[in-house]
Amino acid sequence: MLRFILTRVSLVIPTFLGITLLAFFLIRLVPGDPIETLAGERGIDPARHEQLRKEYGFDQPILVQYGIYLARVLQGDLGKSMITQEPVLSEFSELFPATIELAVCAILFALLIGLPAGMLAAIRRNSIFDHGVMGISLTGYSMPIFWWGLILILLFSVQFDLTPVSGRIDVLYYIEPITGFLLIDTLLSEEEGAFWSAVRHLILPTIVLGTVPLAVIARMTRSAMLEVLGEDYIRTAKAKGLSRFRIIALHALRNALIPVVTVIGLQVGVLFTGAILTETIFSWPGVGKWLIDAIFRRDYPVLQGGALLLGIVVMSVNLLVDLTYGLINPRIRHHR
Amino acid sequence: MALLEIENLSVEFPTQGGVMRAVDGVSLTLDEGEVLGVVGESGSGKSVTMLAVMGLIPFPGRVKADKLTFNGRDLLTMSESERRKLTGKDVAMIFQEPTTSLNPSFTIGFQLAETLRLHEGMDRKAARRRAIELLEQVGIPSAESRLSAFPHQLSGGMNQRVMIAMAIACNPKLLIADEPTTALDVTIQAQILDLLMTLQKERNMALVMITHNMGVVAETARRVMVMYAGQIMEERSAADLFDSPQHPYTAALLAALPERSEGATRLATIPGVVPGLYDRPRGCLFSPRCAYATEHSRNVRPDLRPWAGGQIRCHYPLGDPNRNAEIQADHPVGAEAAS
């Protein structure tokens, strides 16, 4: 087990280097000078421009810049935002809970609906329910996130006035951040209505962000379940006189979950990409929106640091999923 | 009272090309402590017959019978939950592929204890103790440490022992073994057969041994049922059947055994193939491959009838003194077909 973890962790190192490399050079390929962007439309005095370039180290050869950046990263210094002058790490950790909250809600939404739907579709194979679930999930999977978000806003927020259009909570409330997760903080604050306001704000972003994982999970669960239900050990379970429920919910599901967990792990990366779009649509104050803003402002340190931190989060989640995988699939655990 | 009584059992599966009859008019009685061998080629309906007894015919298969009772209880009218109390407890079954028949995600101990807790209402501790006992009974060394093993950590032979332990956990009155040794090494096959026979004698449980291996039948069964294309062809005591087969199909099967072809240059075979869904003969199902077929047997399907201490489905049993005359009278066509 320890060896398994060590092997997996050591694989993180090249990925880590790859992210720094990509984030560093890709943003520099984007046209536009960060200092001119900083100065705005009024322009900047050439002497002052040169001075700032020196301050930020942009006058150095690009490989030297990368070397300096990498050395700082390895010392845990991600730099400061060029716009706010705040350390990247502290900005990230301030905004990240909002993204996590949204991502966790979205994946829970996807699991809570996708798993049972996929299971039922497999059990009632070729029924109307099965065809319905598969049709809807294909539609969901193919839907562009921004379009889906706008449609939902138009329908539920504008037309029926059921949910708020954007933000995390009504402006009436001021919630002291304790955990950074509004659902928890509002409960702790004991301010009346704050929790429900936070919930109401979460609904549409959760649906939008959870749609693609939901579709993938439902389809994967169905096909995994169908395969497992035809296995010999399901016949054995029946021959033991076990109830139908126990056979499906224990003997079949446990095995069907193995491929589904892999897919969930892969979806985490997709989830963060989706979060960037979803947060932009709903003005959700998370790292996704922060990164988009940083692109427009050519805020190099924020982009590099943000991409790296998100990369670390995705890698950690994938590692966690791999460990869970060993937990639910004994054949992997004992394999050396 | 017989332990298992089957009368005119048939199992049908609707397919796109029509209804497929996997089991056709099977009648059978089995007494307590009796060992019955069921032989036949792949697809002859031997497994499906026993799956029907277990109540394991998958949807959309249909089971019909004039009578299907176990220990005096009617299996046809029994509710599904009543039936579940019986399956795995009084009637148990083991399968051909031991390694895939055990759930790969659960330990041996869990899978064994599950049966005990369900049918015997044992608590965790008692079930664990009993599981160790059972593993010892089926000859698994260091049984206690094997409880936490997963099926993929054990060999096929060991897994089949685990399957047997699971099947006998609740002292079943009837154990159905569906080709229990087919997937195993030859040396292991003999061990598993020995184990099954020992357990059968110790516990006086009825044993149905499904196999396509005549050798296995000869070693184990006291009575043999020969199936072909979903029907019983012949059913008699093993000694009689091996000594003087009454059905031409049984005789042809026995003649095809390598042991019985000593001195011959070629192994005897049965020409032709088993009829499929679309080419089921109107008359006797074996008639297209039978050396003694006549116009009559091609057109009229023989009934399953009592014969020489057992049952037979043939117009012209080999031991019938009048058979040559009858075959002549019914216009023989078999010889040219067989040649």
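Order of the sequence lines sets the chain letters (A, B, ...), proteins ahead of strands, with each chain counted from 1.
Ranked by heavy-atom pairs under 4.5 Å with chain A, the first of B:Thr100, B:Asn103, B:Leu51 is B:Asn103. Among the candidates A:Arg244, A:Arg246, A:Glu231, the residue making the largest number of heavy-atom pairs closer than 4.5 Å to chain B is A:Arg246. The candidate from B:Pro104, B:Gly88, B:Ala169, B:Pro58 with the greatest count of non-hydrogen atom pairs under 4.5 Å with chain A is B:Pro104.
Surrounding CZ of A:Arg125 are at most 12 heavy atoms belonging to other residues, nucleotides or ligands under 6.0 Å away. The environment of A:Glu227 atom CD is sparse: at most 12 non-hydrogen atoms of other residues, nucleotides or ligands sit within 6.0 angstrom. More than 12 heavy atoms of other residues, nucleotides or ligands sit less than 6.0 Å from atom CZ of A:Phe181. The local environment of CZ in A:Arg124 is sparse, with at most 12 non-hydrogen atoms from other residues, nucleotides or ligands closer than 6.0 Å.
Of the two parts of B:Leu118, only the side chain, counted from C-beta on, holds a non-hydrogen atom closer than 4.5 Å to a non-hydrogen atom of chain A. In this structure, no portion of B:Glu80 lies under 4.5 Å from any heavy atom of chain A. Of the two parts of A:Ile234, neither the backbone nor the side chain holds a non-hydrogen atom closer than 4.5 Å to a non-hydrogen atom of chain B.
Between B:Ser105 and A:Arg254, the shortest heavy-atom distance links the atoms CB-CG, 3.5 Å. Taking every heavy atom of both residues into account, B:Glu114 and A:Leu250 meet most closely at OE2-CD2, 4.1 Å. Taking each heavy atom of A:His251 and B:Phe106 in turn, the nearest pair found is CA-CE1, 4.1 Å. Taking all atoms of both residues into account, the shortest heavy-atom contact from A:Ser243 to B:Arg84 is CA-NE, 3.6 Å.
To the nearest 0.5 angstrom, B:Leu116 atom CG is 9.5 Å from A:Lys240 atom NZ. Rounding to the nearest 0.5 Å gives a distance of 10.5 Å between OG1 of A:Thr236 and CD1 of B:Ile94. Here A:Arg235 contributes atom CZ and B:Asp178 contributes atom CG; the two are 6.5 Å apart, rounded to the nearest 0.5 Å.
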Return all side-chain donor-acceptor pairs below 3.5 angstrom for residues 96-115 of chain A, not counting sequence neighbours, or 'none' if the list is empty.
{"from": "A:Thr99", "atom 1": "OG1", "to": "A:Glu279", "atom 2": "OE2", "distance (Å)": "2.7"}
{"from": "A:Thr99", "atom 1": "OG1", "to": "A:Val287", "atom 2": "N", "distance (Å)": "2.8"}
{"from": "A:Glu101", "atom 1": "OE1", "to": "A:Arg168", "atom 2": "NH2", "distance (Å)": "2.4"}
{"from": "A:Glu101", "atom 1": "OE1", "to": "A:Leu182", "atom 2": "N", "distance (Å)": "3.2"}
{"from": "A:Glu101", "atom 1": "OE2", "to": "A:Leu182", "atom 2": "N", "distance (Å)": "2.9"}
{"from": "A:Glu101", "atom 1": "OE2", "to": "A:Leu183", "atom 2": "N", "distance (Å)": "2.7"}

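Against chain A, no residue from residues 121-137 of chain B qualifies, as none has a non-hydrogen atom under 4.5 angstrom away.
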